[in-house]
Enquirer: 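Once you've had a glance at the structure underneath, I'll fire off some questions.
Since we're looking at a predicted model, the values are computed, not measured.
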Amino acid sequence: MRILVTGGAGFIGSHIVDAAVARDWDVRILDSMDPAVHPVRLGEISGVPVLVGNVGDPAAVAEALAGVDVVVHQSAKVGLGVDFFDAPDYIRNNDLATAVLLAGMATSGIDKLVLASSMVVYGEGAYTDSAGNPVRPGPRRVEDLERGIFDPRDPATGELLLPALVTEDAAMDPRNVYAASKLAQENLASAWARLTGGTAVALRYHNVYGPRMPKDTPYAGVASLFRSALARGEAVRVFEDGGQRRSFIHVRDVAEANLLSIDALVAGRIASGSLRAYNIGATEVHTIGQMAAVLSSVSGAADPVITGEFRLGDVRHITASSARARAELGWIPKHGFEDGMHEFATAPLRGDQG
């Protein structure tokens, strides 16, 4: 079996390549090797040569797809970005590129896809009122945020809501450009599956961390931003009150979820003509403040600074129920929070090693 990993030289993609090579699978990598992401241009990953090309280029895609059985689509522009001027770049790199890839798969007769999606498609996570009834929150109020009230309210009663675990059946509610682009990728993949009879898995990654994360950029995740600050000898600065709940998941567990998804596709356990979504996150809940504290302690740095600052595009709480992935894919995360964060505190980042 031959798999194509788009973005295979990147953070998550390179770990997928490592895991696939360890299984003795035939792997091909397509990566643009954007200098902004790869300060050092890598020629290979785990002995697999990197085919340098853009997923938005039909010719590069056609070359990469030749002889492929399954596509693992990791290539994307990630993070909240800087401002709305980033919108065309997100659509070009995420949605247009995905459309080009899917068109190439349709032409080549390749009918199996694993898509890297994200928790951001949900917007805010799952919430209940004080009686335990599910409630979908509206956008958080600016006046609340300015007063240090960070939890969302019940739109009908104004009551502060309580966080719960979000399932794959939750309503989609993208609240920034990146989120909108990820949901569009899922919709494109679903349309491709229906029209071609192909089969797609969308893995909705939660907060992924681990070795080879990119260093501090406007598009990096919070774990990378914290690590980069510590590497500069600075105290970590935490937005809001640090109580934001997340499902932090180690990158090697994410790579395993991709391989198990391929197994399910090849075995025919996913219905043809459809897309099946899975949360990939630790059901074990931790806060951003707890992550900052562990990383700071292991690094011997000053205590984190809780700033009270906020960004309107951020969500308050989003934690995963990964029960579906456990039941249908057999996926069980192996890396616990404490051990994983201790490793991550000293692991090389992308700018350290290329």
Side-chain angles (χ1 to χ4, degrees), residues 78-81 83-84 117-183 204-209 218-226 236-249 279-295 304-322 337 341:
V78 301
L80 279 179
D83 53 37
F84 201 81
S117 188
S118 171
M119 67 180 188
V120 296
V121 298
Y122 298 117
E124 285 284 354
Y127 291 85
T128 68
D129 60 20
S130 57
N133 301 307
V135 177
R136 190 69 183 166
R140 293 187 290 172
R141 303 173 181 176
V142 174
E143 55 268 31
D144 277 347
L145 297 172
E146 290 174 341
R147 293 166 54 203
I149 301 172
F150 299 113
D151 288 324
R153 296 182 182 273
D154 185 325
T157 68
E159 174 188 11
L160 292 176
L161 297 173
L162 303 174
L165 300 181
V166 68
T167 69
E168 293 87 351
D169 295 325
M172 302 292 99
D173 186 19
R175 298 192 175 192
N176 56 59
V177 172
Y178 172 58
S181 75
K182 297 307 287 185
L183 181 54
R204 293 173 180 163
Y205 301 155
H206 285 248
N207 286 76
V208 186
Y209 72 93
Y219 308 95
V222 64
S224 176
L225 295 175
F226 287 174
V236 168
R237 295 178 60 82
V238 181
F239 280 9
E240 301 185 13
D241 60 359
Q244 305 95 309
R245 292 159 51 105
R246 296 291 187 269
S247 293
F248 296 105
I249 189 70
N279 282 333
I280 302 299
T283 303
E284 180 185 36
V285 173
H286 290 90
T287 68
I288 288 177
Q290 287 174 323
M291 179 183 67
V294 171
L295 292 177
V305 177
I306 308 299
T307 68
E309 298 171 355
F310 61 87
R311 298 184 299 184
L312 289 177
D314 286 346
V315 298
R316 176 61 175 173
H317 303 299
I318 181 161
T319 50
S321 168
S322 297
F337 178 80
M341 287 296 169

Enquirer: Return the set of residues passing side chain to side chain contact (heavy atoms under 4.5 Å, CB included) with A170 (not counting sequence neighbours), or none when no residue passes.
Expert: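 Y122, V166.
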Enquirer: Shortest non-hydrogen contact from Y209 to F337?
Expert: OH-O, 4.1 Å
Enquirer: A side-chain contact here means heavy atoms from C-beta on lying under 4.5 Å apart; do I318 and R246 qualify?
Expert: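 Result yes, sub-4.5 Å side-chain heavy-atom pair found.
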Enquirer: Could I get the full list of salt bridge (charged side-chain N to carboxylate O under 4.0 Å, His left out) partners for D151, not counting sequence neighbours?
Expert: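 Testing D151 for salt bridge (charged side-chain N to carboxylate O under 4.0 Å, His left out), a comparison that skips the adjacent residues, returns R316.
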Enquirer: According to the salt bridge (charged side-chain N to carboxylate O under 4.0 Å, His left out) rule, which pairs have a member within residues 122-135, sequence neighbours left out?
Expert: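 Pairs touching residues 122-135 that pass the test: E124-R140.
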Enquirer: Mind checking what makes ring-ring contact (aromatic ring centres under 6.0 Å, His included) contact with F226, not counting sequence neighbours?
Expert: none
Enquirer: Using side chain to side chain contact (heavy atoms under 4.5 Å, CB included) as the criterion, list what pairs up with S322, not counting sequence neighbours.
Expert: N279, T283, A320, W331
Enquirer: To the nearest 0.5 angstrom, please state how far the CZ atom of F248 sits from the CE atom of M291.
Expert: 4.0 Å
Enquirer: Please list, chain by chain and in numerical order, all residues satisfying salt bridge (charged side-chain N to carboxylate O under 4.0 Å, His left out) with E309, sequence neighbours excluded.
Expert: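 E309 satisfies salt bridge (charged side-chain N to carboxylate O under 4.0 Å, His left out) with R237 once adjacent residues are dropped.
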Enquirer: Does anything in residues 154-168 pair up under salt bridge (charged side-chain N to carboxylate O under 4.0 Å, His left out), and if so which pairs, sequence neighbours excluded?
Expert: E168-R324
Enquirer: Residues two or more places apart in sequence or in another chain: which of them pass salt bridge (charged side-chain N to carboxylate O under 4.0 Å, His left out) with R204?
Expert: E186
Enquirer: Would you say T128's side chain and N133's backbone share a donor-acceptor pair under 3.5 angstrom?
Expert: no
Enquirer: For R245, what residues pass the salt bridge (charged side-chain N to carboxylate O under 4.0 Å, His left out) criterion, not counting sequence neighbours?
Expert: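 Testing R245 for salt bridge (charged side-chain N to carboxylate O under 4.0 Å, His left out), a comparison that skips the adjacent residues, returns none.
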Enquirer: Donor-acceptor pair, distance only, cut-off 3.5 Å: does the side chain of Y205 make one with the backbone of I249?
Expert: no
Enquirer: Suppose we screen for side chain to side chain donor-acceptor pair (under 3.5 Å). Which residues come up paired with T319, at least two apart in sequence or across chains?
Expert: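 Checked T319 against side chain to side chain donor-acceptor pair (under 3.5 Å); zero matches.
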Enquirer: Go through the steps to decide whether V315 and M119 satisfy the test side-chain contact (heavy atoms from CB on, under 4.5 Å), and finish with yes or no.
Expert: CA-CA 11 Å; V315 298; M119 67 180 188; 5.7 Å; no
